[in-house]
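Written out below as structure tokens is the structure these notes cover.
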Amino acid sequence: MFNETEYRPTRAIINTAAIKHNAKHLISYLPKETKLIAVVKSDGYGHGVAEAASAALQAGAEMFAVATPDEAMTLRKTQPTADILVLGVSPVSFAAIAAQQRIILTVTSANWVKQVNAQQPFDNKCRIHVKIDSGMGRIGVRTEEELAQLVKCIQQSSLAIDGVFTHFSRADEEDREPTRRQFERFMHLVNCLPKKPRLVHASNSAGALLFPDYALDAVRFGIGLYGIPPSDTVAKQLPFKLERALTIETEVAYVKKMTAGEKISYGGSYEAAEGEWIATLPIGYADGLKRSLDGQEVLIDGKRVPIVGTICMDQCMIRLPCEYPEGEKVVLIGKQGNEEIVIEEWSERLHTIPYEVAVTFSTRIPRIYT
Ligand SMILES: *Cc1c(COP(=O)(O)O)cnc(C)c1O
């Protein structure tokens, strides 16, 4: 099953067994009653939503979370029965479709509910989770009054409260106090509800891994599902080993021996020394190998070698310790021999977090599943 993008040897290899491992270990680590909500937004953090969701489900996930209504509709095609929660605010006009597709929406504003009520009533109620802002400052009601008003509107609508949740902003940090305060604030507001909803949930990956006492009815496990620790602080305190699901690999396209002073790439940005071997790789910034990653190492024959010269749109050059044949395997992210390059090495170089790197590999790189 090759499509036109798969003739190039540049590929993302996704190890679905790693996703299953991470999901299973989290489930056995958390209290028995806690359900796993697999967060598969942004195409499963770049790993492919259909396959990531399927692996998580096989490992015991009970529900999925995505960011947008469109992502929910895409996931619905491969998951016809599972519960899907949209984490962001959906347009009012999507509520009728959500009701019909059994997609669960996040509700945060009484005004939004009033606008839904102004539409034709749905045949089946649309299930919703009420969002409480306990300190993230993004979406959610913040006070008892706002919550009471929202609940009153929902009770007179074709919406049914299935859950209530909040989001931690600092669960990946050394200082546990901000998260403790958020949890307390959240539980206070949850206790103001007329009735406990089916699912009360608060934790993201960092929360689930470092605050098992806050697991409640469910945790929303995103980055950890793919084997990436949310931060260095979390990485140092992992309750079980996470297995990384993503490998980015390619093959040497061209090899040449340089003479002293010859230049490499746009702007003549690298000058070779006499006798250096330079290889060209068929991967560039259009694939997600950001231009500012020049100097980053890649793995060839189990050894680290640097990218030299400016990274081009579709290609880049590396400096070899000796001659290697064209077609030699190169790993940009992942393991080769005893060496490993993790996604955090890129994110540090790019002054960002591994989340951002994971979601920026372009669709031009085919995802291959093992
Ligand atoms: C993205 C997201 C998550 C998952 O966060 P991770 O840190 O990747 O586990 C959970 N909840 C909400 C509301 C989110 O937006």
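First listed ligand is number 1; within each ligand, the first listed atom is number 1.
Considering backbone and side-chain atoms together, Val39 places no N or O closer than 3.5 Å to any N or O of ligand 1. Checked by distance only, ligand 1 and Tyr355 come closer than 3.5 Å through their nitrogen or oxygen atoms. Residue Phe221 places no N or O, backbone or side chain, under 3.5 Å from any N or O of ligand 1.
Here the side chain of Ser42 pairs no donor or acceptor atom with the backbone of Tyr45 at under 3.5 angstrom. A distance-only check finds a donor-acceptor pair linking the side chain of Thr106 to the backbone of Val86 [under 3.5 Å]. No donor-acceptor distance shorter than 3.5 angstrom exists from the side chain of Gln100 to the backbone of Ala96, with no hydrogens or angles considered. Using modelled atom types, one side-chain atom of Gln336 and one backbone atom of Ile300 make a donor-acceptor pair closer than 3.5 Å. Remark: side-chain polar atoms of Asp217 are paired, donor with acceptor, to backbone N or O of Val200 under 3.5 angstrom. Looking at Arg176, its side chain does come within 3.5 Å of a backbone N or O of Leu210 through a donor-acceptor pair.
Residue Leu87 touches ligand 1 through its side chain alone, judged by heavy-atom distances below 4.0 Å. Contacts of Arg220 with ligand 1, taken as heavy-atom pairs under 4.0 Å, involve both backbone and side chain.
Here the heavy atom of the protein found nearest to atom 2 (C) of ligand 1 is Lys41 NZ, 2.5 Å. Counting protein heavy atoms only, atom 13 (C) of ligand 1 is closest to His167 ND1, 3.6 Å. Atom 8 (O) of ligand 1 has Tyr45 OH, 2.5 Å as its closest protein atom, hydrogens excluded (heavy atom only). At the top of the distance list for atom 9 (O) of ligand 1, counting protein heavy atoms only, stands Ser205 OG, 2.5 Å.
Taking every heavy atom of both residues into account, Ala202 and Phe168 meet most closely at CB-CZ, 3.8 Å.
In this structure, Arg138 has a heavy atom closer than 4.0 Å to ligand 1.
Using a 4.0 Å cut-off to heavy atoms of Ile223, the atoms of ligand 1 that qualify are 6 (P), 8 (O), 9 (O).
Ring to ring, Phe361 and Trp346 are close: their centroids are under 6.0 angstrom apart.
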